[in-house]
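What follows is one structure encoded as C-alpha cells, with my remarks underneath.
As the structure lists them, so they are numbered: ligands from 1, and atoms in each ligand from 1.
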Amino acid sequence: MSKALTYLAKARPDAATHLLGFYKHSVQALDEKTRHLIQIVTKVTVGTERGLRQYAPKALKAGASREEILDAVLMAFPAAGLNKVLDAIDIMREMDLLPEIPDAAPAAVSDNLLGALEEFPLQRMHCLQRPGMNLIVFRAAPDTAKVYSARCPHSKANLCRGTDHGETVECRVHNWTFDLASGQCLEPAGGAGLQEIPSVVKDGRLHLA
Ligand code: FES
C-alpha cells in the first residue's frame, strides 16, 4: 500500500475502508498477471510515473514477459498519445523491464578494438556499449581480460545496471550473482553462466577475436 493510502486509512478510516475494499474485491475473474498488465495500460494512459514504478515490476513478478510489458505500454497509445508512451518507455527501460535489443553476432562488429588494457581497472567490472550489444570487461590479472555479453542468462536484463560488487555482479531483477573471473553463476548454484565473447590481447590492447 502506498504511503498516501496508509495516511488516508488513518486520517479517514471510514472512507479508506470502502476505497480499499473496492480495490480488493471488485476484480475477481482476472488472474494476477493480467490485472497488473492492465494496470500498466491505465498508468501509462493517466501518465503516473509512481503508478508505473509500482505495478510494472509486479507484472514481471507475476510471470509477465518483457515483451508482454512492452505490449501493455503500447496498448495505451490510442488513449495516452505518443508522448506518454515514450515517457513510459524511458521509465521501463531505466527499470530494466523492457526487452533488450538482441545482441549482434560478435563478428558483425566493425571495430574490434575495445581499448588499451590499462583502460580497464583490475578486479572491477567495466561496461562497454557496442552496436547492438552491451559488453562487460573484467581483468582478473594485469595481462589478461575477459569479455562477456552483459545480458543476464536468466531473463536477459542488462547486468551493467546490476550491482557491481568488484569481483562479482548481481543482477538487480532477480538477484542472480556471477563471478566475473570465470563467468560462473554463484547464486543460484547451478544457474547458467555468463556468455563469454572471444577476445584477444595484442600489444597491450584488447580486441574482440
Ligand atoms: S534477469 Fe533474472 S536474475 Fe537477471
W176: numbered ligand 1 atoms lying under 4.0 Å from its heavy atoms: 3 (S)

Any atoms of ligand 1 less than 4.0 Å from a non-hydrogen atom of H174? List them with their elements. 1 (S), 2 (Fe), 3 (S)

C171 near atom 2 (Fe) of ligand 1: N/O/S under 2.8 Å: no

Please determine whether C152 has a backbone or side-chain N, O or S atom lying under 2.8 Å from atom 2 (Fe) of ligand 1. no

Quick one: sort the W176 and H154 rings into parallel, tilted or perpendicular, breaks at 30° and 60°. parallel

Under 3.5 Å: donor-acceptor pair, side chain of R139, backbone of L117: yes

Between K84 and T45, is there a donor-acceptor pair closer than 3.5 Å when you use the side chain of the first and the backbone of the second? yes

Let me see the working for R124 and E167 under salt bridge (Lys or Arg N to Asp or Glu O under 4.0 Å), right down to the final yes or no. CA-CA 6 Å; R124 296 300 308 270; E167 295 174 16; over 6 Å; no

Proximal heteroatom of H154 relative to atom 2 (Fe) of ligand 1 (N/O/S): ND1

Evaluate whether the separation between SG of C127 and SG of C160 stays below 2.5 angstrom. yes

